[in-house]
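These notes are about the structure you will find just below.
Computed from heavy atoms alone, side chains included, the values below leave out hydrogens, waters and symmetry copies. As the structure is a prediction and not an experimental result, all values here were calculated from the model. Naming: A, B, ... by sequence-line order, numbering from 1 per chain.
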Amino acid sequence: MPITIRELHRWDLTPAEAIALQHELAPQIDTATPLPLDDLRLVGGIDVSVRDNISRAAVVVLSYPALEVVERITAAIPTPFPYIPGLLSFREGAVIVDALRQLRATPDVFIVDGQGIAHPRRIGIASHIGLWIDVPTVGCGKTRLTGTHEPVPPAKGAWTPLIDHGEIIGGVLRTREAVHPVFVSVGNRATLETALELVLRCTTRYRLPEPIRAAHNTAGQSDAAPPGQLPLW
DNA sequence: GCGACAG
DNA sequence: ATCTTGTCGC
């Protein structure tokens, strides 16, 4: 049973229209429903790579708690929008949806490479994608877009709140001892506490959670691609 | 006007 | 994101 995808709007907008749309959509995000952490079966990872003006999206579904790949989908289109901080959705959203339309599995939650509500208008790409599908989403970024935070203790699992204008918009989480923390925030249909717990449970021996690593490797950047990986493209 | 700024 | 080799540290 594939996931549901709703055509909320067109993606080819001007920056001004995109910002207006974000103001309109942000209020629709659900940040109060806990993730079903005790009933997880499948967790999806989403990432996009850009090369020679072509954007490639990768959606990888892993079993939980085994974290083994059960499905891998990709899609590619000419990069439609420039990179503008705060408007990443309009650069990567369309190709991600293209990939999601091909998905056969039904993940319980998706972890997206980027911010959820830890965004100037509280609607980063993880939240935006979350509004298009009937599945919870969590944002996990490698760096900060907005907000401030206290230093994060060095122990794995430690975290400090990411605050913007007095509001807690996410958590800066240490996924590995003495390694740069990641920025976790609610995408849609999740709470910060359960989002942080999900990212921790999906992290094994690396800084980033497995779903994101798998998607990153599949989307392009053959960085830590395990040896022996033959048919990719 | 001057910095900050996911991927 | 992407351009790029070797190198330092746990």
Kindly check if the number of other-residue, nucleotide or ligand heavy atoms within 6.0 Å of [atom1] ([X]) is above 12?
X: E150(A); atom1: CD; result: no
X: R101(A); atom1: CZ; result: yes
X: I168(A); atom1: CD1; result: no

> So do V184(A) and V138(A) actually touch side chain to side chain, heavy atoms under 4.5 Å?
Replying inline: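 With C-beta onward as the side chain, the pair touches.
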> Side chains of L100(A) and I129(A): does their closest heavy-atom pair fall under 4.5 Å?
Replying inline: yes
> Which pairs pass ring-ring contact (aromatic ring centres under 6.0 Å, His included) with one or both residues in residues 147-197 of chain A, sequence neighbours excluded?
Replying inline: H149(A)-F183(A)
Using a cut-off of under 3.5 Å, enumerate the N/O to N/O pairs linking the protein to nucleotides 1-7 of chain B.
unit_1: dA4(B); atom_1: O3'; unit_2: R144(A); atom_2: NH2; d: 3.4
unit_1: dC5(B); atom_1: OP1; unit_2: R144(A); atom_2: NH2; d: 2.2
unit_1: dA6(B); atom_1: OP2; unit_2: Y83(A); atom_2: OH; d: 2.5
unit_1: dA6(B); atom_1: O3'; unit_2: T143(A); atom_2: OG1; d: 3.4
unit_1: dA6(B); atom_1: N7; unit_2: G86(A); atom_2: N; d: 3.1
unit_1: dA6(B); atom_1: N6; unit_2: G86(A); atom_2: O; d: 3.1
unit_1: dA6(B); atom_1: N6; unit_2: L87(A); atom_2: N; d: 3.3
unit_1: dA6(B); atom_1: N6; unit_2: L88(A); atom_2: N; d: 3.0
unit_1: dA6(B); atom_1: N1; unit_2: I125(A); atom_2: N; d: 3.2
unit_1: dA6(B); atom_1: N3; unit_2: Q115(A); atom_2: N; d: 3.3
unit_1: dG7(B); atom_1: OP1; unit_2: K142(A); atom_2: N; d: 2.8
unit_1: dG7(B); atom_1: OP2; unit_2: T143(A); atom_2: OG1; d: 2.8

>> Using the side chain to side chain contact (heavy atoms under 4.5 Å, CB included) criterion, which residues pair with A214(A)? Sequence neighbours excluded.
In response: V60(A), L62(A)
> Residues in side chain to side chain contact (heavy atoms under 4.5 Å, CB included) with P34(A), at least two apart?
Replying inline: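 Partners of P34(A) by the side chain to side chain contact (heavy atoms under 4.5 Å, CB included) criterion, ordered by chain and then number, come out as T191(A), T194(A).
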> Using Watson-Crick and G-U wobble pairs whose two distances are both under 3.5 Å, how do you write the pairing of DNA chain B as dot-bracket, with | for links to another strand?
Replying inline: .......
> Can you check whether H128(A) and H9(A) have ring centres sitting under 6.0 Å from each other?
Replying inline: yes
> Is there a side chain to side chain donor-acceptor pair (under 3.5 Å) between T175(A) and T203(A) once you walk through the steps?
Replying inline: CA-CA 7 Å; T175(A) 54; T203(A) 301; 5.1 Å; no
> Within this structure, what is the CG-to-C1' distance between L208(A) and dA1(C), rounded to whole angstrom?
Replying inline: 15 Å
Can you name the atoms? Protein N/O to nucleotides 4-6 of chain C N/O, anything below 3.5 Å, with the distance.
none

> Just checking, R176(A) and Y206(A): is the charged tip under 6.0 Å from the six-membered ring centre and within 45° of the axis?
Replying inline: no
>> Applying salt bridge (Lys or Arg N to Asp or Glu O under 4.0 Å), can you list everything that pairs with D164(A), at least two apart in sequence or on another chain?
In response: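 D164(A) satisfies salt bridge (Lys or Arg N to Asp or Glu O under 4.0 Å) with R122(A) only.
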> Quick one: salt bridge (Lys or Arg N to Asp or Glu O under 4.0 Å) partners of R6(A), sequence neighbours excluded?
Replying inline: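 Checked R6(A) against salt bridge (Lys or Arg N to Asp or Glu O under 4.0 Å); zero matches.
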> Using Watson-Crick pairs (N1 to N3, plus N6-O4 or O6-N4) and G-U wobble pairs, both distances under 3.5 Å, which stems of at least 3 pairs involve DNA chain C?
Replying inline: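 Stems (3+ consecutive pairs): none listed.
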> Pairs in or reaching into residues 16-41 of chain A: which pass side chain to side chain donor-acceptor pair (under 3.5 Å), with residues at least two apart or in two chains?
Replying inline: T14(A)-E17(A), Q22(A)-R121(A), D30(A)-T33(A)
>> For DNA chain B, which residues of residues 184-201 of chain A approach it to below 4.0 angstrom with any heavy atom?
In response: none
>> By the salt bridge (Lys or Arg N to Asp or Glu O under 4.0 Å) test, which pairs, at least two apart or in different chains, include something from residues 180-201 of chain A?
In response: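 Qualifying pairs, neighbours excluded: D134(A)-R189(A), E197(A)-R201(A).
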